Amino acid sequence: MDNARRALRQDPGTAISFYATGQPGKDWEDLCRGPHLPTTGRIGAFKITSVAGAYWHGDASQQQLQRVYGIAFFSAAELAAHCQRLQAAKERDHRLLGRQLGLFTISPLVGSGLILWLPKGAMIRQELEAFLLQELTRRGYSVVYTPHIGNVNLYKTSGHYPYYKDSQFPTIKMKERDSGDEAEYLLKPMNCPHHIQIYAAEPRSYRDLPIRLAEFGTVYRFEQSGELAGMTRVRGFTQDDAHLFCTPDQVEAELRSTVDMVLHVFRTLGFTEYQCRVSLRAPGSDKYAGEAALWNQAETTLRQVVREMGVPHHEALGEAAFYGPKLDFLVKDVIGRQWQLGTVQLDYVLPERFQLEYIGADNAPHRPVMIHRAPFGSLERFTGILIEHFAGAFPTWLSPVQAIVLSISEKFVDYGRQVVGQLRAAGVRAELDSGDEKIGAKIRRARIQKIPYLLVVGAKEQQAGAVAVRTRQDEDLGAVPLAAFLEKLSAEIRTRA
RNA sequence: GCCGAUGUAGCUCAAUGGUAGAGCAACGGUUUUGUAAACCGUAGGUUGCGGGUUCGAGUCCCGCCAUCGGCUCCA
């Protein structure tokens with residue numbers, strides 16, 4: 001009743017509802033938006049899943065209540081099936097697979113939320129970066145590099161500093177040895193101010209626009225300890241970032257091409273279950289910078305682009321960045337938590353803050369418009385989601401080890417080495433399992449590592465210059481001449497099939 | 001950050017307040033194998049860290065750290 005009283009005090013004009021199970025006023029009565037089951041007899045099977053604190057009205061400054069989570073089904077069989085699904089989902093959790101497949105680790109000595117990429121995980125990242133670089137080149141981007149720290153004044157100018165003071169690592173204070181001048185540096189929480197300084201480094205003509213500056217930029221944000229999770233929520237991460245500087249009438253075309261790139265990336269990696277969130281201002285909030293007219297224009301443009309491009313989308317108030325509205329591409333992880341991957345953000349504010357200009361055809365200075373975009377969002381989060389998406393069985397082009405040669409016995413190790421040599425010479429990531437176990441054990445080990453192609457070599461294969469090919473999907477392709485296999489494999493890798 | 005749970009060998013897990021153990025992995029040996037685990041042996045531990053209670057603590061209590069599930073947050 002305590003809560004009922006408080007609800008009434010907070011919102012005296014609003015009706016509140018009670019739902020009863022059993023006899024109203026006699027059995028259980030609940031202050032609740034409803035609805036309730038008419039009777040608990042409808043519950044065939046239930047299970048308490050977890051207990052956690054939850055804030056009153058979802059507000060961290062309010063009292064915390066105990067919340068008991070449970071699930072209920074009409075029958076015990078349905079409950080068992082559900083639990084089995086949860087178990088299966090757990091087995092593809094990127095934190096588990098990350099260890100089993102040797103992809104990444106986190107050391108408390110290095111710090112919470114700081115990812116250490118192991119060689120195999122780093123291989124995946126390199127392939128992802130190579131894929132993106134190829135797209136960047138195709139789409140007329142220029143790659144730049146910027147430092148990991150920046151003067152606090154940079155972020156004060158951009159406006160980031162006051163907005164996000166709480167979620168930044170504390171600043172580094174410096175005193176110049178000779179002059180005694182003091183300076184304050186920040187681990188960069190984002191790349192845009194740095195890229196803006198590259199734009200501002202020289203006078204720009206409308207003929208040069210759009211200028212598209214891209215960087216795999218590593219940023220640091222001090223996320224709350226309770227928020228950290230594997231690779232999906234971390235304190236240091238690398239954005240596949242780019243900032244486009246264009247004229248107002250180039251905005252729409254540039255937006256379309258950035259959205260197209262995000263969709264192309266998703267398509268290549270087989271993401272079909274994504275949602276595009278059109279992130280808009282919260283009505284009545286004063287936390288946004290810039291003029292209302294520009295915001296309205298920006299929001300209208302974003303809506304129009306997703307609608308015309310047929311992107312599945314929904315709108316969300318209050319999700320915009322302080323400098324502009326954005327399109328966020330969301331996917332769910334294996335336990336149903338939603339994560340933001342790619343993002344495309346429209347920004348009229350930062351060019352203003354930094355007084356950016358270009359000389360127009362009229363020989364007068366004009367203000368450019370910025371688009372921030374990152375198809376993956378962060379390489380850490382993206383890789384984590386990717387691990388779960390493929391359950392560790394990456395397509396061949398992404399697989400850290402693409403083929404493993406398994407020797408039947410010691411006698412064929414030399415031939416196995418030759419095969420590996422030829423595969424590697426052709427650019428295939430190949431390994432040899434030359435141990436003295438039986439072939440069954442080697443196959444088992446390779447299967448657990450989810451290596452796409454297992455190449456068994458024994459007397460028959462050696463004689464024929466062949467390999468006995470078994471795929472990860474358990475297809476037995478039999479003995480294939482090495483040259484023929486290599487050709488097929490190379491094509492598969494090249495086309496990112 | 002808040003609520004709760006958990007923390008034992010590289011991994012997965014045992015161990016009434018009474019001598020810290022198993023399987024896998026590692027290492028050594030035997031074996032030379034034809035499609036998901038050959039056999040024998042060896043080594044491996046400040047039981048997350050620090051304090052306390054006790055004759056005695058992996059076990060009980062307190063603090064910290066980390067992880068997990070939520071909440072809040074998320075440029």
Side-chain angles (χ1 to χ4, degrees), chain A residues 49-69 90 93 95-96 99-100 102 105-109 111-113 155 158-161 163-168 188-193 219-230 232-235 237 239 241 279 287 289 319-324 326 328 335 337-340 343 345 347 349-350 372 374 377-378 381 406-413 434-449 454-461 468-471 474-479:
Chain A
T49 51
S50 66
V51 178
Y55 296 106
W56 172 249
H57 276 206
D59 181 347
S61 65
Q62 299 276 350
Q63 174 200 12
Q64 199 162 35
L65 309 170
Q66 280 304 312
R67 183 180 288 171
V68 179
Y69 289 81
K90 252 175 138 177
D93 190 312
R95 291 168 292 193
L96 181 68
R99 186 170 54 234
Q100 285 174 351
T105 190
I106 298 168
S107 157
L109 211 48
S112 294
Y155 304 100
S158 71
H160 288 101
Y161 190 71
Y163 275 91
Y164 302 109
K165 216 173 170 184
D166 294 341
S167 49
Q168 285 157 178
K188 74 172 165 186
M190 70 280 303
N191 302 303
C192 26
V219 298
Y220 300 89
R221 299 175 188 178
F222 195 80
E223 305 291 359
Q224 300 183 77
S225 58
E227 286 306 328
L228 303 174
T232 44
R233 191 74 187 272
V234 293
R235 284 181 174 160
F237 58 94
Q239 298 178 314
D241 212 356
S279 300
K287 75 168 191 174
E319 294 290 341
F322 79 87
Y323 49 74
K326 48 185 185 147
D328 294 318
I335 35 186
R337 285 184 290 211
Q338 201 163 53
W339 298 101
Q340 179 184 317
T343 182
Q345 314 179 352
D347 177 8
V349 170
L350 293 183
H372 310 232
S378 112
R381 178 176 291 177
L406 311 176
S407 50
I408 290 283
S409 83
E410 212 172 66
K411 283 176 277 191
F412 312 108
V413 168
S434 60
D436 65 353
E437 291 105 326
K438 297 206 281 190
I439 195 67
K442 294 185 183 185
I443 284 175
R444 180 168 189 272
R445 195 158 50 209
R447 289 297 311 263
I448 289 170
Q449 286 299 306
L454 316 188
L455 311 178
V456 176
V457 294
K460 284 178 287 186
E461 290 76 17
V469 181
R470 176 173 162 149
T471 73
D474 247 344
E475 298 166 289
D476 185 355
L477 305 185

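On a predicted model such as this, the values are computed, not experimentally measured, just so you know. Here is how names work: the chains are called A, B, and so on, in the same order as the sequence lines, proteins then strands, and each is numbered from 1.
- Taking atom P in both B:C2 and B:A75, one finds a spacing of 22 Å when rounded to whole Å.
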Pull out every protein N or O sitting under 3.5 Å from an N or O of nucleotides 41-51 of chain B, one pair per line with the distance.
none

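- At B:C73, none of the side-chain N or O atoms of A:Arg235 fall inside 4.0 Å of OP1 or OP2 (strictly under the cut-off).
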Which atoms of nucleotides 8-10 of chain B (N or O only) lie under 3.5 Å from a protein N or O atom, and what are those distances?
none

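- A donor-acceptor contact under 3.5 Å is formed by the side chain of A:Gln64 with the base of B:C2.
- Note: CD (A:Glu319) to P (B:A75) measures 7 Å, nearest angstrom.
- The side chain of A:Arg337 contributes an N or O atom lying less than 4.0 Å from OP1 or OP2 of B:G70.
- For a distance-only test at 3.5 Å, the side chain of A:Ser50 fails to qualify as a donor-acceptor partner of the base of B:A5.
- For the pair A:Gln66 (side chain) and A:Ala54 (backbone), a donor-acceptor distance under 3.5 Å is absent.
- Put simply, A:Ser167 has no side-chain N or O that comes within less than 4.0 Å of OP1 or OP2 on B:C74.
- Residue A:Arg67 places no side-chain N or O under 4.0 Å from the OP1 or OP2 atom of B:G69.
- Where RNA chain B pairs in unbroken runs of 3 or more (Watson-Crick or G-U, both distances under 3.5 Å), the stems are B:1-7 with B:65-71, B:10-13 with B:21-24, B:26-30 with B:38-42, B:48-52 with B:60-64.
- Contact annotation: A:Arg381 side-chain N/O to B:C74 OP1/OP2 distance is not under 4.0 Å.
- For the OP1/OP2 pair of B:U67 and a distance below 4.0 Å, the side-chain nitrogens and oxygens of A:Ser112 include at least one atom meeting the criterion.
- Under the 6.0 Å distance and 45° angle rule, A:Arg235 does not count as a cation-pi partner of A:Tyr220.
- Applying the side chain to side chain donor-acceptor pair (under 3.5 Å) rule to A:Glu437 yields the partners A:Arg445; only residues at least two apart in sequence or on another chain are considered.
- Looking at residues two or more places apart in sequence or on another chain, you find a side chain to side chain donor-acceptor pair (under 3.5 Å) between A:Asp328 and A:Arg277, A:Ser279, A:Lys326, A:Gln340, A:Thr343.
- Listed for the A:Arg221 side chain is a donor-acceptor partner under 3.5 Å among the backbone atoms of A:Pro189.
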Please tabulate, one pair per line, each protein N/O and nucleotide N/O from nucleotides 28-31 of chain B that are separated by under 3.5 Å, including the distance.
unit_1: B:U30; atom_1: O4; unit_2: A:Asp436; atom_2: OD2; d: 3.2
unit_1: B:U31; atom_1: N3; unit_2: A:Asp436; atom_2: OD2; d: 3.0
unit_1: B:U31; atom_1: O4; unit_2: A:Asp436; atom_2: OD2; d: 2.5

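- The side chain of A:Arg95 contributes an N or O atom lying less than 4.0 Å from OP1 or OP2 of B:C68.
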